[in-house]
Amino acid sequence: VVLRGARLGATLWWIRTVHGLFSGPYVAFKLPLLDTLLTHARKTGYDRLGHTVPFKARVVVSPSPPPSPPPLRRPKMSAGAFKSLIADGRSRRAGEQGELCDADG
């Protein structure tokens with residue numbers, strides 16, 4: 001018998017409806033307390049070797065914050081090296097602008 005059109009749709013609807021009604025009693029196994037009372041089963045899992053062991057909840061460790069970077073330190077510089085650095089900066093700025101300029105501006 002070939003089902004076509006509206007009859008096919010009605011047949012599929014009834015199949016889904018009856019399947020849903022027959023699966024109703026299994027909803028009780030999804031409830032946490034009733035699951036334990038109805039089955040009397042303990043939760044189990046597998047270890048790394050594949051043996052069945054009692055289930056233990058996985059402990060989630062929050063990652064520790066990254067270590068803070070070390071404080072920035074100024075390089076030690078002698079007074080003479082500092083003066084030559086300033087003088088070098090003055091001469092470069094003077095060369096760029098075409099005239100002499102002070103460290104202030």
Side-chain angles (χ1 to χ4, degrees):
V1 174
V2 177
L3 300 175
R4 292 190 182 141
R7 188 164 188 170
L8 175 63
T11 303
L12 291 175
W13 184 85
W14 277 109
I15 289 172
R16 284 184 284 170
T17 303
V18 171
H19 181 267
L21 291 173
F22 282 142
S23 64
Y26 296 101
V27 172
F29 291 104
K30 288 296 195 183
L31 301 174
L33 184 60
L34 286 178
D35 180 28
T36 307
L37 291 175
L38 294 174
T39 62
H40 303 289
R42 290 178 286 149
K43 292 184 178 180
T44 58
Y46 297 101
D47 62 4
R48 292 180 188 249
L49 300 174
H51 301 120
T52 305
V53 294
F55 178 77
K56 294 181 182 176
R58 180 178 291 181
V59 177
V60 178
V61 179
S62 61
S64 60
S68 60
L72 296 175
R73 296 184 184 147
R74 292 184 182 175
K76 293 183 180 179
M77 185 179 293
S78 67
F82 183 72
K83 287 180 182 177
S84 67
L85 182 65
I86 296 295
D88 185 38
R90 285 183 186 164
S91 64
R92 282 190 187 170
R93 279 191 259 161
E96 292 170 0
Q97 296 175 357
E99 57 187 31
L100 293 175
C101 64
D102 293 306
D104 294 334

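Since we're looking at a predicted model, the values are computed, not measured. The chain is numbered in sequence order, starting from 1.
- In this structure, T36 has no side-chain contact (heavy atoms from CB on, under 4.5 Å) partners at least two apart in sequence or on a different chain.
- With sequence neighbours left out, the side-chain contact (heavy atoms from CB on, under 4.5 Å) criterion links L33 to L37.
- For L8, the side-chain contact (heavy atoms from CB on, under 4.5 Å) partners are L3, L12, not counting sequence neighbours.
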Give the table of side-chain donor-acceptor pairs shorter than 3.5 Å for residues 13-25, with sequence neighbours excluded, one pair per line with atom names and distance.
{"residue": "T17", "atom": "OG1", "partner": "W13", "partner atom": "O", "Å": "2.8"}
{"residue": "S23", "atom": "OG", "partner": "H19", "partner atom": "O", "Å": "3.3"}
{"residue": "S23", "atom": "OG", "partner": "G20", "partner atom": "O", "Å": "2.9"}

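- With sequence neighbours excluded, the residues that form a side-chain contact (heavy atoms from CB on, under 4.5 Å) with F29 are Y26, D35, L38, T39.
- Counting all heavy atoms, side chain and backbone alike, T52 lies closest to T44 at CG2-CB, 3.7 Å.
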